[in-house]
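A short write-up of the structure that comes next.
Bear in mind the structure is a predicted one, so any value in this text is a computation, not a measurement.
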Amino acid sequence: MSELSYLSAAELSTVGTPTLWAVTIGGVLALLVLDFLVTRRPHEVSLREAFAWSAFYIALPLAFGAWVWNRYDSELGVQYLTGYLVEKSLSVDNLFVFMLLLAAFAVPAVLAQRVLLYGIAGALVLRAVFIALGAAALETLDFAFLLFAIILIATAVKLLRDALTGHEQEVDINKMRSVRLLRRFMPVVDDYHGTRMTVRQAGRRALTPFALVVVAVLATDVVFAVDSVPAVYGITEDPYLVFATNAFALLGLRALYFVLHAALSRLVHLSYGLAVILAFIGVKLGLHWAHGVWKSVPQIPTLASLGVIIAVLAIVTVTSLRATRTQESEEREVVVERR
C-alpha cells in the first residue's frame with residue numbers, strides 16, 4: 001500500500017484523501033451534467049454516437065486504472081481493474097433489465113436515453129449510500145465480510161434459479177410495487193408527453209408513463225445495489241476504489257445500452273455467468289473472514305479472482321453466441337420446411 005494511504009479509526013485503509021474524493025465526485029457530477037445537456041433534446045441515438053460515447057467511457061476508467069497503478073502500486077491497480085470488471089459485468093445485467101422495462105412501458109425511442117440517464121443518476125446516489133453503509137459495517141462489525149458473503153451467495157442462487165425457470169426475462173409492470181403505489185395516489189395518463197413527469201388532466205395533476213418507467217428503473221437500482229456493492233468489497237476493501245469502480249461502470253451505461261441493445265438478447269447465458277461470479281466472490285469473502293479467525297484458512301488472491309472472472313465471462317459469451325446461433329439455424333430450418 002502506498003505511504004500516502006491513510007487509515008480510518010477502525011484501520012480501514014484507503015487512498016481516498018479528501019482532495020481526491022472531492023475531485024472524483026466533482027468529475028462524476030460534471031459528467032452527469034454533460035450527459036443531461038446532451039440529452040436535453042430527446043432524439044434517437046445513432047450507432048455511431050453510441051460507439052463514440054462508449055469508447056470515451058471505456059477509455060476514461062482504463063486511464064484512471066493506469067493512474068492508480070502508477071501512482072500507488074500494482075496491487076491496488078489490479079484491485080481496481082478487477083472491481084471495475086465485476087461492476088461492468090453486473091451493469092450489463094442492469095442493462096438487460098432496463099431493456100425489458102423500456103419494452104414493457106413501450107418507451108418511445110427518442111425518450112429511451114433520458115430514462116436511462118435518470119436510472120444511472122439514481123443508481124449512483126444509491127451506490128454511494130450503500131458504499132458508505134458497507135464501509136461503516138466493515139469498521140464496526142467483525143462478521144461484516146461473512147454477512148456480505150451470505151448476501152452474494154444468496155443472490156447467486158436466486159440468479160441461477162431465475163435463469164433456470166426463465167423468470168429473468170419477465171417484467172410485469174402491473175405487479176411492480178412501485179408502480180402500484182404510484183397509481184394508488186395519483187392518476188396516470190395513457191400517452192407520453194415528452195420528458196414531462198406530470199400533466200394536468202381534467203383540472204387534476206396526473207402522472208405520465210415516463211414518470212412510471214423512471215420510478216420503476218430507480219426501484220430496480222435498489223436491488224442491483226444490494227449485490228453490486230458487496231461484490232466489489234469482495235475485491236477491494238478501499239471505499240474510494242469501490243466508489244470509483246461503481247461510478248465508472250455506471251456512467252457509460254447510457255451509451256453502452258444502444259451499442260449492446262441487439263447483442264443483449266443474445267447473451268442468454270449471462271445470468272449463469274454472473275451467478276458463478278457472485279458465488280465465487282461470496283466464497284472469497286467467506287474465506288477472508290475465516291482467515292481473520294483462523295490464520296490457517298487460505299485466501300484467494302485478487303489476481304486469481306481477475307483470472308476467474310475473465311474466464312467465466314469469456315465462456316458464457318462464447319456459449320451464449322453458440323446457443324443463439326444454433327437456435328436461429330433451427331428456426332430458419334422450420335420456416336423452410338413450412339414453405
Side-chain angles (χ1 to χ4, degrees), residues 31-58 60 88-124 168-176 178-179 182-183 186-199 201 206-221 223-224 249-268 270-271 320-321 324 327-328 331:
L31 289 171
L32 275 177
V33 170
L34 176 63
D35 270 352
F36 272 104
L37 290 175
V38 169
T39 62
R40 71 186 185 279
R41 294 181 179 178
H43 65 279
E44 290 192 44
V45 179
S46 66
L47 196 58
R48 181 178 179 179
E49 178 185 351
F51 267 116
W53 280 107
S54 292
F56 170 75
Y57 278 118
I58 290 175
L60 186 62
K88 204 64 178 176
S89 303
L90 292 172
S91 70
V92 172
D93 196 41
N94 292 28
L95 285 182
F96 185 73
V97 175
F98 290 165
M99 181 179 72
L100 295 177
L101 285 171
L102 292 178
F105 281 94
V107 178
V110 295
L111 301 179
Q113 60 177 340
R114 180 50 69 95
V115 172
L116 293 171
L117 193 52
Y118 277 118
I120 292 166
L124 280 169
E168 85 278 10
Q169 300 190 22
E170 297 177 2
V171 171
D172 188 345
I173 58 178
N174 294 317
K175 292 183 179 180
M176 298 186 69
S178 57
V179 173
L182 284 176
R183 285 176 169 169
M186 290 186 70
V188 180
V189 297
D190 295 328
D191 300 324
Y192 283 87
H193 293 263
T195 58
R196 295 179 63 183
M197 297 281 190
T198 63
V199 293
Q201 186 181 62
L207 294 172
T208 65
F210 184 83
L212 292 186
V213 67
V214 167
V215 171
V217 167
L218 292 177
T220 61
D221 284 338
V223 178
F224 286 123
L250 289 169
L251 283 171
L253 279 189
R254 177 182 63 84
L256 189 62
Y257 173 85
F258 297 100
V259 172
L260 296 181
H261 186 270
L264 284 173
S265 59
R266 301 176 66 89
L267 298 176
V268 293
L270 177 62
S271 293
S320 293
L321 295 178
T324 52
Q327 182 180 358
E328 290 173 355
E331 290 175 352

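For the pair Met197 and Ala211, the tightest heavy-atom approach, listed with the atom from each and the gap, is O-CB, 3.4 Å. Listed here is the closest heavy atom pair of Arg196 and Phe210: O-CB, 3.8 Å.
Put simply, CG on Leu251 and CG on Leu32 are 5.5 Å apart, with the number rounded to the nearest 0.5 Å. Note that the CG atom of Asp191 and the OG1 atom of Thr208 stand 10.5 Å from one another [nearest 0.5 Å]. In this structure, the separation between CG on Leu95 and CG on Leu100 is 11.0 Å, given to the nearest 0.5 Å. Residue Leu250 holds its CG atom at 12.5 Å from CG of Leu31, rounded to the nearest 0.5 Å. How far CG of Leu116 is from CE of Met99: 11.5 Å, rounded to the nearest 0.5 Å. Put simply, CZ on Phe56 and CG on Leu34 are 7.5 Å apart, with the number rounded to the nearest 0.5 Å.
Taking the side chain as every heavy atom from C-beta outward, Tyr118 and Thr195 never approach each other to under 4.5 Å.
Residue pairs that meet the side-chain hydrogen bond (donor to acceptor under 3.5 Å, both in side chains) test with at least one member in residues 102-112, sequence neighbours left out, do not exist here. Residue pairs satisfying the side-chain hydrogen bond (donor to acceptor under 3.5 Å, both in side chains) criterion with at least one member in residues 97-113, sequence neighbours excluded, are listed as follows: His43-Gln113, Gln113-Arg254.
In this structure Ile58 satisfies the side chain to side chain contact (heavy atoms under 4.5 Å, CB included) test together with Leu62, sequence neighbours excluded. Taking Val188 as the reference, Arg183, Leu207, Leu212 meet the side chain to side chain contact (heavy atoms under 4.5 Å, CB included) condition, with sequence neighbours excluded. Under the rule for a side chain to side chain contact (heavy atoms under 4.5 Å, CB included), the partners of Val107 that lie at least two apart in sequence or sit in another chain are Leu102, Phe105, Leu111, Val115, Tyr192, Val213. In this structure Val110 satisfies the side chain to side chain contact (heavy atoms under 4.5 Å, CB included) test together with Pro42, Glu44, Pro108, sequence neighbours excluded.
The closest donor-acceptor contact from the side chain of Ser91 to the backbone of Lys88 lies under 3.5 Å.
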